[in-house]
Amino acid sequence: RKEVEQDPGPFNVPEGATVAFNCTYSNSASQSFFWYRQDCRKEPKLLMSVYSSGNEDGRFTAQLNRASQYISLLIRDSKLSDSATYLCVVGGNEKLTFGTGTRLTIIP
Amino acid sequence: NAGVTQTPKFQVLKTGQSMTLQCAQDMNHNSMYWYRQDPGMGLRLIYYSASEGTTDKGEVPNGYNVSRLNKREFSLRLESAAPSQTSVYFCASRLWDDGSQYFGPGTRLLVL
């Protein structure tokens with residue numbers, strides 16, 4: 001079983017729609033959780049951290065369920081510029097483990 | 001403030017050649033990391049350095065060596081390149097008490 005599992009997609013979503021990504025992780029001792037965004041042929045960039053209480057940053061909402069070892073990302077009112085690969089990332093003491101990513105394409 | 005920089009951006013090697021990938025950060029971060037990214041595999045950790053003078057193996061260290069030259073610089077060396085090392089290599093750095101990592105722009109390596 002992979003340490004971090006994501007649906008690879010692709011998700012093709014019309015502009016303005018709401019889209020949700022899910023991710024599960026296997027290490028119950030994981031301490032930190034993030035969503036990263038990666039554009040084609042570019043480096044991963046931090047989108048947001050994920051907290052147990054849930055957190056929101058503009059159109060983006062992230063949720064963490066430690067009991068189920070499940071992380072989610074919700075994007076509301078999607079924009080063309082949201083097209084990218086979204087990486088679910090889980091951290092321990094020193095290291096991060098990356099999911100393989102979910103590819104999102106926003107269609108005009 | 002350049003963040004994390006990597007050189008070179010692109011490189012083509014022949015099997016058996018050696019090269020060093022350079023990485024530097026100007027954010028005064030303690031920890032630095034080298035990853036490789038291959039299609040369908042996600043990012044895999046090669047080596048990391050929690051502080052100046054220390055290095056540790058990651059998930060895929062075979063065929064690589066690293067040097068933490070000082071707090072700013074962390075280099076990755078391929079002593080004898082193999083076609084299986086064709087990949088995109090990313091360097092990253094991290095604050096001690098902030099779990100997130102910040103990535104350089106990557107080096108695209110092709111080994112023929």
Side-chain angles (χ1 to χ4, degrees), chain A residues 1-10 21-27 29-52 55 57 60 62 64 66 71 73 84-104, chain B residues 2-7 9-10 21 23 25 27 29-51 54-61 66 68 74 87-110:
Chain A
R1 182 184 172 189
K2 288 182 181 176
E3 286 192 56
V4 180
E5 296 210 53
Q6 295 182 251
D7 182 342
F21 304 138
N22 302 318
C23 164
T24 58
Y25 61 96
S26 61
N27 186 352
S30 298
Q31 300 170 0
S32 54
F33 308 89
F34 308 94
W35 284 101
Y36 274 72
R37 170 195 169 123
Q38 187 171 25
D39 294 293
C40 189
R41 301 178 74 82
K42 298 285 192 180
E43 73 273 23
K45 291 184 179 177
L46 178 66
L47 179 66
M48 59 196 302
S49 302
V50 188
Y51 305 113
S52 296
N55 48 299
D57 183 0
F60 298 84
L64 167 65
R66 283 189 184 265
I71 306 163
L73 177 68
T85 297
Y86 290 83
L87 307 176
C88 177
V89 183
V90 174
N93 279 336
E94 267 296 332
K95 297 180 281 188
L96 298 181
T97 302
F98 289 76
T100 53
T102 299
R103 191 165 174 184
L104 172 66
Chain B
V4 180
T5 57
Q6 292 184 236
T7 55
K9 286 187 169 51
F10 306 95
L21 283 65
C23 174
Q25 53 94 6
M27 296 176 283
H29 288 174
N30 291 312
S31 301
M32 297 184 74
Y33 305 81
W34 276 106
Y35 294 89
R36 59 178 290 172
Q37 186 174 35
D38 303 290
M41 300 289 290
L43 283 152
R44 292 183 292 168
L45 183 64
I46 304 171
Y47 270 94
Y48 69 102
S49 169
S51 62
T54 68
T55 60
D56 286 284
K57 294 179 180 179
E59 182 185 351
V60 289
V66 290
R68 183 74 182 268
F74 188 37
S87 189
V88 181
Y89 291 85
F90 289 104
C91 177
S93 70
R94 173 197 166 187
L95 280 171
W96 181 252
D97 56 356
D98 173 21
S100 59
Q101 294 178 11
Y102 300 83
F103 285 80
T107 294
R108 295 183 180 277
L109 176 66
L110 174 63

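All chains are named by letter (A, B, ...) in the order of the sequence lines, taking the proteins before the strands, and each is independently numbered beginning at 1.
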Query raised in the report: Side chains of A:Leu87 and B:Leu43: closer than 4.5 Å at any heavy-atom pair?
Result: yes
Query raised in the report: How about A:Glu5: does its CD atom have over 12 heavy atoms from other parts shown lying under 6.0 Å from it?
Result: yes
Report task. To the nearest 0.5 Å, tell me how far A:Tyr36 OH sits from B:Gln101 CD. Result -> 5.5 Å
Report summary line: The side-chain contact (heavy atoms from CB on, under 4.5 Å) partners of B:Arg44 (sequence neighbours excluded) come to B:Arg36, B:Asp38, B:Met41, B:Glu59, B:Val60
**Report entry** Which atom of B:Arg108 lies closest to which atom of A:Arg41, heavy atoms considered
**Finding:** NH2-CA, 2.9 Å
Requested in this report: Would you check if there is a donor-acceptor pair between the side chains of A:Gln38 and B:Gln37 at a distance under 3.5 Å?
Outcome: yes
Query - Residue list, side-chain contact (heavy atoms from CB on, under 4.5 Å) with A:Lys42, at least two apart or on another chain - result: A:Asp39
Query - Heavy-atom pair count under 4.5 Å with chain B, highest-scoring of A:Ser32, A:Gly99, A:Pro44, A:Gly92 - result: A:Pro44
Report summary line: Taken to the nearest 0.5 Å, the spacing of A:Glu94 CD from B:Leu45 CG works out to 10.0 Å
Query raised in the report: Of the backbone (N, CA, C, O) and the side chain (C-beta and beyond), which part of B:Phe90 lies under 4.5 Å from a heavy atom of chain A, both, or neither?
Result: side chain
